[in-house]
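Attaching a single structure in structure tokens format; questions to follow.
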Amino acid sequence: MALEAKNIYFRYGRKQPWILEDCTLKIDRGERLAVSAPSGYGKTTLALLLAGYLKPEKGEILLDDKPLPAKGICPVQLIYQHPEKAVNPRWRLKRVLEESGKLREDVLDAFGIERAWLDRFPRELSGGELQRFCVARALMSGADYLICDEISTMLDVITQAQIWNVVLEEADKRNMGIIAVTHNKHLAERIATRMIDLSE
Amino acid sequence: MRNLNRRTQVVILTAFMTIILIAVFSFGLLIPDDAVVGSFLSAKQPPSLAHPFGTDALGRDLFLRTLKGMAVSMTVGTAASMISAVIAVFVGIAAATGSKCVDALINWFIDVVMGVPHTILVILISFALGRGLKGLLVGIAATHWCSLARLIRGEVLQLRSQQYVAVSRKLGKSGGWILVHHLLPHLVPQFVVGLILLFPHAILHEASVSFLGFGLPPEQPAIGIILSESMRYIQTGMWWSAVLPGLTLVLIVLLVDKLGDNLRMIMDPYSAQD
Ligand SMILES: Nc1ncnc2c1ncn2[C@@H]1O[C@H](COP(=O)(O)OP(=O)(O)OP(=O)(O)O)[C@@H](O)[C@H]1O
Ligand SMILES: [Mg+2]
């Protein structure tokens, strides 16, 4: 039961430099991995690869020794750095959430999502409020692995702690694997069971 | 009006404009043929209470004739732009979602259609289908979908690269579901605006082709035929016979244009807030 990247190579086009070369990484269910690296080192790229949004040029991404499923709800869900790009700007937030299945009241409460927000459009919420929706959506999809790409950089410390508490609680309950991309050493130490640095 | 919000105002205005257009259209349709039979006694009269637009060289009432012609032109214009716009949506989506080969083929075909002058193509198609309403409709529809199809192709390509579309796919949604729920609603404003922009084109092509004798027969006097007829008499000082029907055409086209803008605001609150 693991998600792993096996010797993957990736670049954004033939003439571009390699972003990832011979990168290998493995995470078990129930494990929480913090990934850090300076800006531009390819953390987001790695996250996109692991979640199946991009295909590696060489090497493979395996989930329980099989490639990621092409159809159906993907068991690996990615939460983006920029929530405003990850929701349809013309949808009310209720619809955004329901795209991943039935609304779960307990998740909404845990994130402090006010019911009035559900009838608003994304542009009528702050970035932090919107990010809670994106995290909630990923959790409600029933994913086994959650990849969080600097999901809390834009949030204040209290909201940050609140969101991570909910995520970690859910992860414990469902034995999920978490990969958290972050610059924040304190956060990494608090949430992760293991840490890697891409620049090393 | 102050305490109504902007959206409600726009809705009311739009409803009002729609009513005017429908009124012009249905009034024009309802005018019987013998209402526009003139006599030489009343020929070449300037505008008066009895004849608001005056009369033409054959003594026919130009107001009734203009309305009647407007109804014919609006039928042709609306039907042709609708067919064109629907073709454009299908072709645009096919190009953007199909394989590279399909895309290249469609782009090549668009280049070909756009390369031939519209009027010639409309005349050829209309002629081949035996003139009349059907030939004209097919001719105009077949030549006017190209630029809208391009626009929609670009829009769909851009939408498909959006993160939320990728997220939707990872949440297990099929290509068809994404097309219906994420892509098509985005295209509605494009579609409406495209339709509106096509309308004047369609009317003008109809007029020019009818004028050249390859479109509607003279017994079915569309606005273009009225205008071209009046050109013969304008030098004799019958200014009204060209100016008033012409103004009516311009007004109707402007009204349709504004209607399109308003509809976009109503249907697409997201972009209207910008
Ligand atoms: N779509 C793309 N096309 C071409 N190059 C890209 C693309 N996305 C990212 N890159 C390049 O890949 C490199 C790694 O980008 P990436 O976004 O993965 O970095 P990151 O570690 O997440 O940075 P940050 O901490 O700023 O988020 C950068 O040099 C960037 O310019
Ligand atoms: Mg990044």
Side-chain angles (χ1 to χ4, degrees), chain A residues 44 47-55 61 63 68-93 95-102 119-124 130-131 133-147 149, chain B residues 5-8 10-11 89 93 96-100 151-152 154-194 261-274:
Chain A
T44 299
L48 288 169
L49 282 160
L50 282 171
Y53 286 91
L54 296 174
K55 294 267 168 281
I61 309 287
L63 175 67
L68 288 175
K71 284 211 178 92
I73 300 183
C74 186
V76 183
Q77 288 290 330
L78 172 69
I79 303 165
Y80 286 93
Q81 203 166 355
H82 306 288
E84 63 283 354
K85 289 189 193 154
V87 296
N88 188 333
R90 277 157 224 244
W91 282 15
R92 290 182 200 279
L93 284 146
R95 200 165 165 207
V96 169
L97 281 183
E98 281 169 350
E99 200 177 10
S100 71
K102 265 196 86 60
D119 290 321
R120 294 205 200 157
F121 287 101
R123 58 164 52 197
E124 295 164 353
L130 207 52
Q131 189 62 293
F133 278 92
C134 291
V135 182
R137 176 174 63 177
L139 282 182
M140 288 183 203
S141 73
D144 298 328
Y145 295 88
L146 216 53
I147 301 175
D149 184 12
Chain B
N5 71 25
R6 215 176 119 56
R7 200 179 145 82
T8 320
V10 172
V11 172
V89 168
I93 290 178
T97 56
S99 64
K100 276 216 171 69
L151 216 70
I152 286 183
E155 186 84 354
V156 172
L157 281 180
Q158 195 259 332
L159 282 173
R160 267 162 59 90
S161 67
Q162 295 289 319
Q163 278 181 5
Y164 60 83
V165 172
V167 169
S168 189
R169 216 167 275 138
K170 287 288 159 196
L171 288 171
K173 304 301 184 206
S174 67
W177 193 95
I178 290 175
L179 180 68
V180 171
H181 291 87
H182 281 296
L183 305 187
L184 286 185
H186 269 266
L187 297 178
V188 170
Q190 296 277 16
F191 180 80
V192 172
V193 173
D261 274 354
N262 286 354
L263 275 182
R264 180 170 63 169
M265 272 194 246
I266 294 167
M267 283 185 295
D268 193 25
Y270 164 68
S271 83
Q273 282 169 8
D274 287 331

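Proteins come first, then strands; the chains are lettered A, B, ... in the order of their sequence lines, and each starts at number 1.
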Examine whether an atom of B:S168 lies under 4.5 Å from a heavy atom of chain A, and if so say whether it belongs to the side chain, the backbone or both; otherwise answer neither.
-> both
Side-chain contact test, heavy atoms from C-beta onward, threshold under 4.5 Å: evaluate it for B:H181 versus A:R95 and give yes or no.
-> yes
Rounded to the nearest 0.5 Å, how far apart are CH2 of B:W177 and CD of A:E99?
-> 4.5 Å
Which residue out of A:S141, A:A70, A:P75, A:G52 racks up the most heavy-atom pairs below 4.5 Å with chain B?
->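 So the answer, after comparing A:S141, A:A70, A:P75, A:G52, is A:G52.
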Are side-chain heavy atoms of A:W91 and B:P185 found at a separation under 4.5 Å?
->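 Not touching, per the 4.5 Å side-chain cut-off.
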Indicate the atoms forming the closest heavy-atom contact of B:L171 with A:R137, along with that distance.
->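 Smallest interatomic distance, heavy atoms only, reads CD1-CD, 3.9 Å.
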How long is the gap from CG on A:L48 to CD on B:Q163, to the nearest 0.5 Å?
->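 If we round to the nearest 0.5 Å, A:L48:CG and B:Q163:CD are 7.5 Å apart.
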Can B:K170 be said to sit on top of A:Y53's aromatic six-ring, NZ or CZ under 6.0 Å from centre and within 45° of the ring axis?
-> yes
Heavy atoms only, distances under 4.5 angstrom: which of A:L78, A:L68, A:I73, A:V96 has the most pairs with chain B? Name it, please.
->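 Maximum pair count with chain B is reached by A:I73.
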How about B:Q162 and A:K85: do any of their side-chain heavy atoms sit closer than 4.5 Å?
-> no
